[in-house]
J.: 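Submitted below is the structure of interest, expressed as structure tokens.
Just so it is clear, the values below take in all heavy atoms, side chains as well, and ignore hydrogens, waters and symmetry mates. Numbers here simply count residues along the sequence, with the first being 1. Quantities reported herein were computed from a predicted structural model and do not represent experimental measurements.
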Amino acid sequence: MSCSSCGAGTLHPILSLGSTPLANRLLTKAQLDEPEPRFALDLVLCTTCALVQITERVPPEILFRDYAYFSSFSDTMQRHAGELAAKLIRERRLDGGSLVVEIASNDGYLLTHVQKAGVPVLGIEPARNIAKVAEEKGVPTVAEFFGRELGQRLAAEGRTADAVLANNVMAHVPDLNGVVAGVRALLKPKGVFVMETPYVKDLIDKLEFDTIYHEHLFYYSLTALAALFRRHGMEVVDVERLSIHGGSLRVTAALAGAEPPRLAVAQLLDEERRWGVASLAFYQGFAERVRSWRERLRSLVGGLKAEGRRLAAYGASAKGTTLLAYAGIGRETLDFVVDRSTYKQGRFTPGTHLAIEAPAKLLEARPDHVLLLTWNFADEILEQQAEYRRGGGRFIVPIPEPKVLT
């Protein structure tokens with residue numbers, strides 16, 4: 001295959017996680033006996049444009065038309081959305097004559113914060129089940145995949161944007177160039193594109209391999225993004241490093257020449273050059289570190305099980321699917337998994353077929369240890385589960401180093 005961004009024909013292997021189920025394909029009880037699709041999960045590097053990507057392309061219609069992740073179930077995500085909305089409105093001086101468009105707007109959790117400030121919004125959300133929830137909240141939502149055609153169509157209708165947002169979606173879109181072309185068509189001359197995405201350096205440094213799954217096609221550096229935007233007459237004008245999701249970038253891009261880039265852009269690009277963002281050498285050794293991690297986790301949970309301890313998991317998450325599949329941990333070790341999302345409760349996890357229960361199950365069943373699969377929301381979850389912990393329950397945080405919290 002060739003690079004999905006620049007088209008270069010040579011891609012270099014970094015890590016293979018084997019054949020795994022689709023991370024968010026939660027199962028009903030009736031589906032448990034049906035064959036479950038699995039796909040290769042291999043991570044590679046394009047040394048031409050520095051884009052890290054996976055090799056398998058599962059059609060978006062399969063992945064996103066009926067989706068299991070609702071952002072509004074996370075208090076952390078709600079707080080983060082409110083802060084972003086306030087910052088955007090303040091810095092871009094948005095008002096009732098502006099328009100904010102969000103790509104992959106989920107259930108409107110971010111746009112509602114913008115809307116409350118009196119700024120008109122439009123969501124683009126291909127998952128019809130989630131788009132319906134957003135509409136019921138009063139967030140106007142187009143239930144389509146975003147790309148060049150939709151961006152041009154909205155612009156032709158006069159719905160050009162002062163800001164286009166894309167939080168944790170640019171990793172998911174197979175037609176990268178089509179999406180950026182659509183954004184460019186949609187922006188007003190002084191408009192901005194603001195995106196957040198997990199940062200590839202944090203993935204490597206902190207061993208966050210479980211953020212690799214079939215929905216996440218791309219793992220970005222600022223270098224890779226700058227090259228992508230340049231190809232479409234845009235440039236990066238600001239960048240921030242964020243702690244959310246284990247380490248992310250917030251990147252602001254505008255039409256080329258529309259505004260001067262801030263110093264932070266040149267500083268991070270220079271930093272990436274120094275650590276070798278486009279060189280295979282930086283990524284070498286990652287696979288061996290991941291294999292070594294697997295043995296340590298298996299030893300920890302296997303030892304607890306051998307002592308007669310009862311184990312469960314918290315978070316029926318996509319990253320949990322990757323982690324359990326690669327570690328080879330399933331129903332022989334874990335009794336069930338809990339999750340706050342009422343949409344997920346009553347279903348079963350991909351591959352491992354663990355029953356998904358409400359968090360109250362922890363107080364009911366009192367497992368000795370809980371494997372925290374949504375480790376990126378650890379502070380929020382540990383606070384919510386204070387009563388379980390006071391009763392002697394312990395959490396195992398798996399990433400970056402498996403450990404039992406005492």
Side-chain angles (χ1 to χ4, degrees), residues 71 80-126 131 134-135 137-170 173 176 178-197 225-226 228-240 242 248-262 264-265:
S71 300
H80 184 71
E83 290 164 5
L84 171 58
K87 177 181 167 71
L88 181 74
I89 292 165
R90 182 179 67 252
E91 293 186 355
R92 308 310 300 189
R93 299 178 183 175
L94 304 178
D95 56 27
S98 308
L99 176 64
V100 174
V101 176
E102 185 182 10
I103 302 169
S105 49
N106 203 265
D107 56 4
Y109 78 105
L110 196 164
L111 290 181
T112 53
H113 292 280
V114 179
Q115 215 173 27
K116 284 174 187 173
V119 179
V121 302
L122 177 66
I124 313 290
E125 175 51 60
E135 285 278 0
K137 289 181 178 179
V139 178
T141 304
V142 177
E144 294 184 35
F145 288 101
F146 184 82
R148 184 191 309 265
E149 186 181 324
L150 181 54
Q152 291 174 344
R153 192 173 86 220
L154 291 172
E157 293 169 0
R159 293 197 275 181
T160 51
D162 296 88
V164 176
L165 309 180
N167 271 18
N168 299 298
V169 61
M170 290 299 286
V173 293
L176 270 184
V179 167
V180 176
V183 168
R184 191 187 191 288
L186 190 54
L187 284 178
K188 292 178 181 177
K190 297 290 185 182
V192 290
F193 177 49
V194 182
M195 59 168 284
E196 290 184 14
T197 189
L225 285 168
L228 173 63
F229 290 131
R230 275 196 304 272
R231 203 173 299 122
H232 296 278
M234 297 176 67
E235 65 180 329
V236 177
V237 295
D238 198 11
V239 63
E240 300 170 70
L242 309 172
S248 298
L249 292 181
R250 178 183 290 156
V251 177
T252 302
L255 303 186
E259 60 183 82
R262 295 189 180 178
V265 176

J.: Between E235 and P261, what is the shortest heavy-atom contact and its length?
T.: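 Looks like OE1-CG, 3.9 Å.
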J.: For the atom pair CG (L255) and NZ (K190), what is the distance rounded to the nearest 0.5 Å?
T.: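 So the CG of L255 and the NZ of K190 are separated by 9.0 Å.
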J.: Kindly give the heavy-atom pair with the smallest separation between A155 and L186, and that separation in Å.
T.: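 Residues A155 and L186, closest heavy atoms: N-CD1, 4.2 Å.
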J.: Testing L122, T160, L99 one by one against L154 for a side-chain contact (heavy atoms from CB on, under 4.5 Å), which residue passes?
T.: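 That would be L122.
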J.: Might you work through the side-chain contact (heavy atoms from CB on, under 4.5 Å) test for V194 and V251, ending with a clear yes or no?
T.: CA-CA 6 Å; V194 182; V251 177; over 6 Å; no
J.: Could you check whether atom CD of E259 has more than 12 heavy atoms from other residues, nucleotides or ligands sitting under 6.0 Å from it?
T.: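 Correct, the count exceeds 12.
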J.: Working to the nearest 0.5 angstrom, can you tell me the gap between R184 CZ and Q152 CD?
T.: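 If I round to the nearest 0.5 Å, the distance is 11.0 Å.
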J.: Any non-hydrogen side-chain atom of V121 less than 4.5 Å from a side-chain atom of V139?
T.: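 Yes; the side chains approach each other to less than 4.5 Å.
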J.: So which heavy atom on A81 is nearest to which on H113, and how close?
T.: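 Closest heavy-atom pair between A81 and H113: CB-CD2, 3.8 Å.
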J.: Locate the shortest heavy-atom distance separating A264 from V239; write the atom from each residue and the value.
T.: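 Heavy-atom minimum between the residues: O-CG1, 3.6 Å.
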J.: Apply the test side-chain contact (heavy atoms from CB on, under 4.5 Å) to residues F193 and V237: give CA-CA distance (whole Å), side-chain angles for both, the deciding distance (0.1 Å), then the verdict.
T.: CA-CA 10 Å; F193 177 49; V237 295; over 6 Å; no
J.: Measure the CG-CG distance between L249 and L225 for me, rounded to the nearest 0.5 Å.
T.: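 If we round to the nearest 0.5 Å, L249:CG and L225:CG are 7.0 Å apart.
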J.: Evaluate the side-chain proximity of V183 to F229: yes if any heavy-atom separation is below 4.5 Å, no if none is.
T.: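 Not touching, per the 4.5 Å side-chain cut-off.
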J.: Evaluate side-chain contact (heavy atoms from CB on, under 4.5 Å) for L187 paired with V164, printing each intermediate quantity in order.
T.: CA-CA 7 Å; L187 284 178; V164 176; 3.7 Å; yes
J.: Nearest 0.5 angstrom please: L111 CG to K116 NZ, how far?
T.: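 If we round to the nearest 0.5 Å, L111:CG and K116:NZ are 12.0 Å apart.
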J.: Okay, side chain of E102, backbone of G108: is any donor-acceptor separation there less than 3.5 Å?
T.: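 Looks like no, no N/O pair under 3.5 Å.
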J.: Do R92 and D162 come close enough that some side-chain heavy atom pair is under 4.5 Å?
T.: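 No. Closest side-chain heavy atoms not under 4.5 Å.
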J.: May I ask you to say whether D107 pairs ionically with K137, meaning some side-chain N is under 4.0 Å from a carboxylate O?
T.: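 Yes, this pair counts.
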J.: State the CD-OG1 distance between E196 and T252, to the nearest 0.5 angstrom.
T.: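 Separation between the atoms: 9.5 Å.
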J.: Name the one of V179, V180, V236 that satisfies side-chain contact (heavy atoms from CB on, under 4.5 Å) with L228?
T.: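 The single option meeting the side-chain contact (heavy atoms from CB on, under 4.5 Å) with L228 is V180.
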J.: Looking only at non-hydrogen atoms, find the nearest pair between T141 and S105 and report the distance.
T.: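 In terms of heavy atoms, the two residues are closest at CG2-OG, 4.2 Å.
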J.: Test your reading of the model: is there a side-chain donor-acceptor pair from D95 to the backbone of G97, 3.5 Å cut-off?
T.: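 The answer is yes, because a donor-acceptor pair under 3.5 Å joins these two groups.
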J.: Is there a side-chain contact between S248 and M195, using heavy atoms and a 4.5 Å cut-off?
T.: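 Of all side-chain heavy-atom pairs linking M195 with S248, none is under 4.5 Å.
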J.: L165 and side-chain contact (heavy atoms from CB on, under 4.5 Å): which partner among I103, I124, L88?
T.: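 Running side-chain contact (heavy atoms from CB on, under 4.5 Å) over I103, I124, L88 with L165 returns exactly one hit, L88.
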J.: If I compare all heavy atoms of L242 with all of R250, which pair ends up nearest, and what's the gap?
T.: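 Shortest heavy-atom contact: CD1-CB, 3.8 Å.
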J.: Quick one, L110 with L84, criterion side-chain contact (heavy atoms from CB on, under 4.5 Å). Give me CA distance, side-chain angles, the key distance, then yes/no.
T.: CA-CA 8 Å; L110 196 164; L84 171 58; 3.6 Å; yes
J.: Using 4.0 Å as the upper bound for N to carboxylate O, is an ion pair formed by R262 and E240?
T.: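 R262 and E240: not salt-bridged.
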